[in-house]
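Input: a single structure, listed below in structure tokens.
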Amino acid sequence: MQKAFTLYSLKKRILAIVIAISFIFSALIIRLFIIQIINGSSLQAKATDQWTRDLKIIAQRGKVVDRTGSALAVSYTTYNVYVRSREVQNTSVVANILSSELSLSFEKIYTKIKNNNASEVLIKMQVEGEVVEKIYNHNLKGVYFAETANRYYPYGNLLSQVLGFISIDNVGQSGIEAYYDNYLKGVDGFSYVQSDLQGKEIGGSLRYYYPSQSGEDLLLTIDSKMQIILESSLEKIMVEQKSKSATGIILDVVSGGILALSSKPSFDLNEIPRDDLSLLFEQSKVKAITDIYEPGSTFKILTVAAALEEGLTSENDRFYCPGYRIVDGIKIKCWRTIGHGSQTLIEAFANSCNCCFMDLALRLGVDKFYEYAARFGLGQKTGVDMSGEASGILMNKSQVKNVDLARMGFGHAIALTPMQLVSAVSSIVNGGYYNSPHLIDLNNNENINKKFLHKEGVISQITTQMVNKLLEFAENKTGKWTFVEGYNVGGKTGTAQKYKEGGGIDQGKYISSFIGTYPADNPRYIVFVMVDEPSAGAYYGSIVAAPYGKEIFSGMFDYLAEKKQSEQVMIEYVEMPDLQGKSLSESIILLKSQDFEYEIDGEGEYVLKQLPPAGTTLQKGDTVLLIT
């Protein structure tokens, strides 16, 4: 009995040992499976990281060029300078040479190199090739260079907000550089060397080099020559009108391509003011798409287009202006408080009579007004390929009263961006189709998937023709004088008061604007100019903004070698008479006798001040300001 028991116990022990061994081997197999199969790649990467040292090779960003092929943003090779402390043979010598060549503090470089806890330290980024060559010729042990790229903007201060800028790490931070960063940035490369446990390079070991891939080039709709013309005029506005800012747009109304876009003040893209972030943020904004404003009389183009399309008015429709309208018991003044009297639609548009446009808005009614607002893209983003676009502000339709609608008719009680206005006017004057404004050339950037809005039937061809006629008459009046000598330009000016952040009118602060079309009968181009807070004495759009619109058009015609539509144009220059102290009625008679247009500021009976001053040489048909 004892033997059987012992044998049985032995068998159990053997079985236990076999099971234990099997378990151990199973555990080892599972562990090996986890290490080699499941975690193999990550562990191999860690191992590689331990026995190699790598330097990133920054990819060259793609070029940005205008529609003529002129380079707007280019990249060139620079280098990052590194030191591997454990390989340095003489710290003082290396620190002295690097501080001298790189114009850096000897103490800071010396401290970095002496820090043996870090296998590799960055000394300086984006060092020019000539400097790197000098350092290389010293044959310093432990000093390494990695290719990177720097950005250069050939035009410097031109297109600052549109192009934007990049960080020192080659990442787009604003403008086109940020919006199309994925296309421009390319793919970085690497350079590897084998090293020992201390991080020292192993002599004669393998080196690995993975080249970078450059980013895609971008072709813009921008025309650098038109951009120069636009920005030159905006700079003059800042000086002559002493304004807070000035914004301009030139748009191709057929394609929706933006030919020029800018705000002033701006900055040099090669000398970015990174030490003043608030200034950099403010001057980096593309105000044409980020800032909303009350458009004033330029909005009347939209009101009259909607009324014409609905058959609620016509060319010979008559309106009477006593200087005001009473709506919902509230008196709303026309800009000309003495009134315009009886006038046709075409005359009321040229006179920019508020009463006429209050009538048209009320004829449309709230529902139809908002229907056309949606057609024209108001209250929604245009889809322009820039970040930070605002949607504008429309009152909640259910809360709109007749008094609100009347004010909207002449461009008050509504807020939009300059780009929204330009896009809406474009859809009215081009035959009735809406294209999202865009900066990227849609025909020559095949790798870009951006979809832009296109809709047709915004208004009819008949309405387009009538609106173009109104715009032409508004700028050329009876046809006796032309806005730009020999060229058929249409246009409309606007003046609006500004509001405080907490609400209420900000007294004495205005926005003056001008929007023009060419050719007036079948437009191809729109020019928009906005002057924010002019403070040189005048604030009416016809005086403050329109002359610069004229200047921009003239520059464009010279650049494009546009032939004049008429050589038989009456252009006469006369001297501004002295009107100070004269009665308003006498002054108006005198101005009309010399074919001047005029604006009146105040409700007095005598002229206190005039702009421009007496003795100034003006072209017949120019607009002057009488302050009563």
Side-chain angles (χ1 to χ4, degrees), residues 293-379 392-416 420-421 424-425 427-428 458-460 462-464 466-467 469-471 473-474 492-497 499 505 515:
Y293 75 114
E294 200 174 68
S297 294
T298 52
F299 189 85
K300 293 171 181 176
I301 302 169
L302 281 61
T303 303
V304 76
L308 286 166
E309 185 71 8
E310 287 298 308
L312 299 173
T313 189
S314 62
E315 180 178 352
N316 296 317
D317 195 4
R318 298 199 71 84
F319 300 84
Y320 181 75
C321 171
Y324 63 90
R325 284 283 188 271
I326 297 176
V327 184
D328 290 343
I330 297 174
K331 185 177 183 180
I332 307 173
K333 295 179 182 179
C334 181
W335 69 266
R336 189 181 185 193
T337 54
I338 62 174
H340 291 98
S342 180
Q343 56 198 329
T344 63
L345 175 67
I346 198 165
E347 291 168 338
F349 188 85
N351 292 331
S352 199
C353 175
N354 290 351
C355 292
C356 166
F357 289 89
M358 285 189 265
D359 292 350
L360 293 180
L362 292 170
R363 289 180 192 178
L364 280 165
V366 174
D367 288 338
K368 278 294 178 184
F369 187 93
Y370 271 69
E371 176 188 321
Y372 278 92
R375 286 196 197 185
F376 297 144
L378 306 186
I393 299 175
L394 281 172
M395 291 179 65
N396 189 315
K397 189 169 78 168
S398 63
Q399 298 177 341
V400 175
K401 301 175 181 177
N402 281 338
V403 66
D404 303 314
L405 184 61
R407 289 193 175 110
M408 289 180 190
F410 59 88
H412 288 205
I414 192 169
L416 54 152
Q420 281 180 312
L421 177 69
V425 172
S427 69
I428 292 170
V458 175
I459 59 168
S460 64
I462 294 174
T463 298
T464 288
M466 187 62 218
V467 172
K469 184 176 180 180
L470 292 173
L471 288 167
F473 185 82
K492 188 79 186 74
T493 60
T495 310
Q497 288 182 299
Y499 291 83
I505 292 173
I515 189 165

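None of these values were measured; they are calculated from a predicted model.
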So for atom CD1, which belongs to I330, do other residues, nucleotides or ligands contribute more than 12 heavy atoms lying within a distance under 6.0 Å? yes

For A415, what residues pass the side chain to side chain contact (heavy atoms under 4.5 Å, CB included) criterion, not counting sequence neighbours? I292, I393

Residues in ring-ring contact (aromatic ring centres under 6.0 Å, His included) contact with F299, at least two apart in sequence or another chain: none

Can you tell me how far the CE atom of M395 sits from the CE atom of M408, to the nearest 0.5 Å? 5.0 Å

For G365 and L405, which heavy atoms make the closest approach, and how far apart are they? C-CD2, 3.6 Å

If you look at every heavy atom in Q497 and E294, which pair is closest and at what distance? O-OE1, 4.0 Å

So SG of C321 and CZ of F357: to nearest 0.5 Å the spacing works out to 11.5 Å

Who passes side chain to side chain contact (heavy atoms under 4.5 Å, CB included) against R363, sequence neighbours left out? L312, T313, D317, F319, L360

Heavy-atom check, side chain of C355 versus side chain of H340, under 4.5 Å: no

Going by salt bridge (charged side-chain N to carboxylate O under 4.0 Å, His left out), name the residues that satisfy it together with R325, two or more places apart in sequence or in a different chain. D359

The complete set of salt bridge (Lys or Arg N to Asp or Glu O under 4.0 Å) pairs with one or both residues in residues 392-401, sequence neighbours excluded, reads D367-K397

Considering only heavy atoms from C-beta outward, does the side chain of L471 approach that of F349 to under 4.5 Å? yes

Nearest heavy atoms of L394 and A373, plus distance in Å: CD1-CB, 4.2 Å

Does any pair with a residue in residues 404-414 pass salt bridge (Lys or Arg N to Asp or Glu O under 4.0 Å), and if so which ones, sequence neighbours excluded? none

How far apart are the C-alpha atoms of F369 and V400, what are their side-chain angles, what is the distance that settles it, and do they pass the side chain to side chain contact (heavy atoms under 4.5 Å, CB included) test? CA-CA 11 Å; F369 187 93; V400 175; over 6 Å; no

Find out whether I332 and Y324 are in side-chain contact, i.e. whether some heavy atom of one side chain is under 4.5 Å from a heavy atom of the other. no

Sequence neighbours excluded, which residues qualify as side chain to side chain donor-acceptor pair (under 3.5 Å) partners of K300? S297, S352, N354

Shortest non-hydrogen pair, I414 vs P295, comes out as O-CD, 3.5 Å

List the residues meeting side chain to side chain donor-acceptor pair (under 3.5 Å) with N316, not counting sequence neighbours, and say none if there are none. none

Counting C-beta onward and ignoring hydrogens, is there a side-chain heavy-atom pair between C356 and L345 closer than 4.5 Å? yes

Set of residues satisfying salt bridge (charged side-chain N to carboxylate O under 4.0 Å, His left out) with respect to R336, sequence neighbours excluded: none

Can you find a pair of side-chain heavy atoms, one from I428 and one from T463, that are under 4.5 Å apart? no

Minimum heavy-atom distance Q420-G379, with the two atoms named: NE2-N, 3.7 Å

Return the set of residues passing side chain to side chain donor-acceptor pair (under 3.5 Å) with S342 (not counting sequence neighbours), or none when no residue passes. R318

Please tell me if the side chains of L378 and Y370 come closer than 4.5 Å, counting only heavy atoms from C-beta onward. no

Does any part of the side chain of F410, heavy atoms only, come nearer than 4.5 Å to the side chain of T303, both counted from C-beta? no

Applying salt bridge (Lys or Arg N to Asp or Glu O under 4.0 Å) as the test, list every pair that has at least one member in residues 304-314; sequence neighbours left out. E310-K368

Euclidean distance, M358 CE relative to C353 SG, rounded to 0.5 Å: 7.5 Å

Would you name the heavy atoms of F473 and I346 that are closest together and state the gap between them? CD2-O, 3.7 Å

Applying side chain to side chain donor-acceptor pair (under 3.5 Å), name anything that partners S427, two or more places apart in sequence or on another chain. none

When you measure from the side chain of N402 to the backbone N and O of V327, does any donor-acceptor pair fall under 3.5 Å? no

Tell me, do I301 and F376 make a side-chain contact under 4.5 Å, heavy atoms counted? no

